[in-house]
Every structure is written in structure tokens, then in C-alpha cells.
Amino acid sequence: MKGENVAVDYKKDGRIAIFTINRPEALNSINVQAITELHQALVDFRDDPELWVGIMTGAGEKAFCAGADIKDMLPFMKENVQEKPWAIPATHMRGLELWKPLIAAINGIALGGGMEMVLACDIRIASEKARLGLPEVNLGLIPGWGGTQRLPRMAPWCKAAELLFTGRPIDAQEAYRIGLVNAVVPPDKVMSTAREWADIICQAGPLAVRAAKEAMVRGTSMALDDGLRLENALEAYLSRTEDFAEGTGAFVEKRKPVYKAR
Ligand code: CO8
């Protein structure tokens, strides 16, 4: 994760973790090394109490991520997907529970696994030049990192079907129009805008943010009654935290809260 030949460059800056897919020569496609390093970085992010928000982006100006590496990752997937699916390292896309928020800084094309990475992030800032798509059907495959499940839960049915069945990408404005990204900004503003969002989220109670994400993610696959019970259980947990006492105390005392994620 650190050093010269990293496929995923992982940096910490205060409360923010920055994951940069670092294979610009292959349009930041995800090979086995990259998915392994992404897994390791995400586990570190999950477990480091100093880190509150993550930003994912791609190296270079052209691509956020062009999906799974067709020459390296897809043969590995073929070898393992049936008998040893666990051999494919778990990430936020599948298999790794992560309640800290993730922001996608979509600096360029996001195709296949790259779009799935975006869909598994919570806040999404897109470059005007970004294009998003799920071209897997053109390879005789379907998305395997959550695309078939997350997209229809996030986009209108017909747009999800369009992306999944035709494999044709959409541009950033279209992604904004159908609610897949929060903002579209000039290329040189993608990272700074993502940082602004991260800084705003870091002002909020971190345990509350995580609980909100957990309620959102888990609740999406629950019946409403069960979701309301989950919400109540998370509210009960938060009501006993130091952060809740600090947040409400700071309001009454007319000062800024100092949260400790406790
Ligand atoms: N895999 C491997 N190499 C890639 C990939 C990729 N996905 N995308 C681009 N590259 C490489 C090219 O091979 C090329 O390398 P080289 O110079 O050595 O030939 C270099 O990046 C530059 O690419 P292009 O020359 O093709 O650049 P263009 O500007 O002409 O085209 C495109 C850009 C349109 C993005 C084109 O590169 C393309 O179509 N790429 C493939 C996109 C794709 O199909 N992605 C989906 C892959 S499958 C997937 O993501 C499944 C995810 C689920 C896996 C589940 C595992 C459990």
C-alpha cells in the first residue's frame, strides 16, 4: 500500500483517508494486486479510530477506474468464483462491512467494477468529463461487485436496465439527472470538492454518521417495521455515547462540539 509499486495508494490526512487506484497505464483497472491492496487499506481505514471519512479516486486525468482488469482479474475470478469465492478479497463493494462514509471523487471514466466502486460509495462527486457505465454484458458477463443489486435500488428501473443491458455509458450530467452523483464539477475541482464534503461530514458526530449509514444500508434490505426497530436500536445506542452528550451540551452552551467518536 505504501512505496513505489503500489496499485492502491493509501494516505491519511487528519481524519480523512484517501484511496487512489494507481494503475493509470491500464486506466486504473483492478488487478489482483489492486483488489488485495484495496482490501488491506479498507480494513485499516475501518479499524483506525483517527479516520472518519474516506475518499476514493483514480490516478491520472483519464480514468477513475475502467473496471476489473480483463487480462488479470477476470481469469482469477473464473478460477475462484465457484469453489473459492472468498479468494477474491472483500471490499466495500462486497463482503466488508464498513460504516464510515466513503466519497467517490470520480475524476474520469468509471466502467464496470469502477462504476460499482462508485455505487458502493455514499457521496459521489463527478468530473464533467466522467462517464459511467456497466459494459460487462459486452464481455458475456454481468457486474460482479454489486452493480446488478445496487443500481436498481438507486436509479429508476428503466435506467438501470439501460445501463445493465446495453453496456453503454452515460455522461456525468446524465448521472446527475438520474441521481447517481451529488455534483458535477470541472476536472480540477473534483478532489477539492470531495475534500469539502469530507470536511463537512467530519464536523458531525462520527458515531452518528456511522449509525446513519448503517441504518441506510441495512434498512434498504429490510421491511419497514424491521428498519424502524433497527433505527430505534441505533438511536438507543447513540443516546448513551459521549458524542451525544457533547453535541447536545455544545448546543446548549452555544459552542462548537468536539467529538471523540466515543
Ligand atoms: N482491463 C485491463 N486493461 C484495461 C482495461 C481493463 N478493464 N481497461 C483499459 N485497459 C488498458 C488497455 O488494455 C490499454 O492497455 P495497453 O495500452 O497495454 O493496450 C490501456 O488500458 C488504455 O486503454 P485503451 O487503449 O483501450 O483506451 P481507450 O481510450 O481507447 O478506451 C475504454 C478506453 C473505452 C475505457 C477501453 O479501455 C475499454 O473498453 N476498457 C474496458 C472497460 C470494461 O469493459 N470494463 C469492465 C471490465 S469487467 C468488470 O469490471 C467486472 C467487475 C466484476 C468482477 C467481479 C470479480 C469477482
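Remember, it's 1-based here, ligands and their atoms both numbered in the order they're listed.
A donor-acceptor pair is defined here as one N or O able to donate and one able to accept, closer than 3.5 Å; such a pair exists between the side chain of R124 and the backbone of L119. No donor-acceptor pair closer than 3.5 Å links the side chain of R255 to the backbone N or O of F251. Not one N or O on the side chain of E246 forms a donor-acceptor pair closer than 3.5 Å with the backbone of Y259. Looking only at distances, no side-chain donor or acceptor of E214 sits under 3.5 Å from a matching main-chain atom of L230. Under the 3.5 Å distance criterion, the side-chain polar atoms of R94 are matched with a main-chain donor or acceptor of G144. Although no hydrogens or angles enter the test, the distance criterion places a donor-acceptor pair under 3.5 Å between the side chain of D122 and the main chain of L102. In this structure, the side chain of R153 engages the main chain of Q149 through a donor-acceptor pair within 3.5 Å. Remark: side-chain polar atoms of N107 are not paired, donor with acceptor, to backbone N or O of S127 under 3.5 angstrom.
Counting protein heavy atoms only, atom 47 (C) of ligand 1 is closest to A68 O, 3.6 Å. Looking at atom 11 (C) of ligand 1, its nearest protein heavy atom turns out to be A26 CA, 3.9 Å. In terms of protein heavy-atom proximity, atom 51 (C) of ligand 1 is nearest to E136 OE2, 3.4 Å. The shortest contact between atom 37 (O) of ligand 1 and any protein heavy atom is with L27 CD1, 3.6 Å.
Heavy-atom contacts of I109 reach the following atoms of ligand 1: 35 (C) (cutoff under 4.0 Å). Per-residue contacts place L139 under 4.0 angstrom from the following atoms of ligand 1 (heavy atoms of the residue considered): 44 (O), 47 (C), 48 (S). For ligand 1, the atoms sitting less than 4.0 Å from at least one non-hydrogen atom of K62 are 27 (O), 28 (P), 29 (O), numbered in the order shown with element in parentheses. Counting the atoms of ligand 1 from 1 in the order shown, those under 4.0 Å from a heavy atom of E116 are 52 (C), 53 (C). Heavy-atom proximity to I88, at under 4.0 Å, picks out these atoms of ligand 1: 57 (C). Atoms of ligand 1 found under 4.0 Å from any heavy atom of P135 (numbered from 1 in listed order, with element): 43 (C), 44 (O), 45 (N), 46 (C).
Taking a cutoff of 4.0 Å between a charged side-chain nitrogen and a carboxylate oxygen, K12 and D48 qualify as a salt bridge. The pair E50-R15 meets the salt-bridge criterion, since a charged nitrogen lies less than 4.0 angstrom from a carboxylate oxygen.
Across the listed options A66, G112, S29, A66 owns the non-hydrogen atom lying nearest to atom 45 (N) of ligand 1. Residue nearest to atom 18 (O) of ligand 1, selected from K71, M77, M117: K71 (by heavy-atom distance). For the residues G144, A63, G67, P169, the heavy atom positioned nearest atom 53 (C) of ligand 1 is part of G144.
Between I70 and ligand 1, a contact under 3.5 Å exists for at least one N or O pair.
The aromatic ring centroids of F45 and F19 lie less than 6.0 Å from each other.
Protein heavy atoms come within 4.0 Å of atom 21 (O) of ligand 1. When distances from atom 7 (N) of ligand 1 to the protein are checked, a heavy atom turns up under 4.0 Å. Closer than 4.0 Å to atom 31 (O) of ligand 1 lies none of the heavy atoms of the protein. In this structure, atom 14 (C) of ligand 1 has no protein heavy-atom contact shorter than 4.0 Å. Within the 4.0 angstrom cut-off, atom 39 (O) of ligand 1 has no protein heavy-atom neighbours. Counting protein heavy atoms under 4.0 angstrom from atom 34 (C) of ligand 1 gives zero. Taking a distance limit of 4.0 Å, we find that atom 26 (O) of ligand 1 is approached by no protein heavy atom.
For E25, every heavy-atom contact with ligand 1 shorter than 4.0 Å involves the backbone, none the side chain. Contacts with ligand 1 closer than 4.0 Å are made by heavy atoms of both the backbone and the side chain of D69.
With a 4.5 Å cut-off on side-chain heavy atoms, E136 and L111 do not count as touching.
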Mind running side chain to side chain donor-acceptor pair (under 3.5 Å) on R262 and T241 for me, showing each step along the way? CA-CA 6 Å; R262 287 205 292 254; T241 62; over 6 Å; no
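Hydrophobic clustering keeps V209 apart from L207 (ILVMFWY residues linked when any side-chain heavy atoms are closer than 4.5 Å, directly or through intermediates).
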